[in-house]
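If you're wondering where the values come from, they're calculated on a predicted model, not measured in any experiment. Throughout, protein chains are lettered first and strands after them, A, B, ... in sequence-line order, and every chain is numbered starting at 1.
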Amino acid sequence: MNYKAKKMIVILIMQIILIIGYLAFVISKYMANMEELTNDYKFWGITIIVTIVIGVALMILVHVGFAIAKNVSFEIKKRCNKETGEDSFVENMDIEDEMDKLISLKSIRNSCYVAEVGFVVGLITLCFGASAFIMINITFLAMNLGSLAEAISQICFYYKGIRNG
Amino acid sequence: MAKIVISNKIRTLRFHHSEMTQQDLAIKTGVTRQTIVAIENGKYYPTLELAFKIADIFGVGLDEVFSYKLTDEKKLSK
């Protein structure tokens with residue numbers, strides 16, 4: 001399995017856990033204090049910001065973890081190659097070449113489509129008289145689903161291939 | 001609508017050039033080994049720049065490395 005595909009799978013799992021954690025938290029809070037939370041936008045703002053901060057911290061942890069694992073395996077491979085007398089060159093797995101850039105671009109495009117659809121769905125709920133906190137949550141979840149779509153797209157492209165155009 | 005399929009002879013050319021490895025070709029062209037694997041397996045069509053670099057490394061013309069055909073085998077009129 002490709003190093004980048006492995007990284008995207010870990011990021012995907014982390015994002016799914018984050019979304020489930022957020023939904024579990026807000027649903028339990030909302031069921032306990034339904035009337036108060038319907039118009040308490042400060043609560044929703046703080047909850048979403050804290051979720052974003054946790055998400056960013058987890059992403060940093062994943063990137064740092066993979067960087068450490070990559071460097072350790074890099075050194076081990078170089079030493080093994082030296083001992084066996086093989087060519088000591090070991091490929092740097094973090095280089096982003098033209099195929100990686102194309103995969104990244106197409107994945108981000110898919111992510112934007114999902115987020116845009118979610119935003120429009122949020123606006124439609126407002127048109128039907130739903131409370132603003134529902135629209136805020138739908139938009140936030142759509143952005144998270146967009147990130148999921150980006151990770152899934154990258155994994156699919158690395159496995160199935162990608163064509164220009 | 002007819003679909004264009006681009007095939008290549010990179011694996012054969014590598015073999016005839018002192019059994020060059022995918023890693024060697026990747027280093028010479030400035031891409032990752034995964035990209036070379038994807039090109040050989042037809043999962044990725046390289047940019048023009050990369051295609052010319054590959055042809056240049058093997059010392060042959062572009063049409064000796066890559067070829068294309070339409071899947072319903074209709075030829076484009078010139």
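- Atom CD1 of B/Ile39 is separated from atom CE of A/Met99 by 8.0 Å, given to the nearest 0.5 angstrom.
- Listed by first and then second residue, the side-chain hydrogen bond (donor to acceptor under 3.5 Å, both in side chains) pairs involving residues 58-69 of chain A are A/Lys7-A/His63 (not counting sequence neighbours).
- Remark: A/Met143 CE is loosely packed, at most 12 non-hydrogen atoms of other residues, nucleotides or ligands lying under 6.0 Å away.
- Remark: A/Tyr113 pairs with no residue by the ring pair (Phe, Tyr, Trp, His ring centres under 6.0 Å) rule, at least two apart or across chains.
- The two atoms that bring B/Lys43 and A/Tyr159 nearest to each other are NZ-O, 2.9 Å, heavy atoms only.
- In this structure, B/Tyr44 OH and A/Ile103 CD1 are separated by 8.5 Å, a value rounded to the nearest 0.5 Å.
- Annotation for A/Phe133: atom CZ counts as buried by contact number, over 12 foreign heavy atoms lying within 6.0 Å.
- Side-chain atoms of B/Gln34 and A/Tyr158 form no donor-acceptor pair, as typed in the model, at a separation below 3.5 Å.
- More than 12 heavy atoms of other residues, nucleotides or ligands shown are found within 6.0 angstrom of CD on A/Glu75.
- Residues A/Asp97 and B/Val31 share a closest heavy-atom pair of OD2-CB, 3.3 Å.
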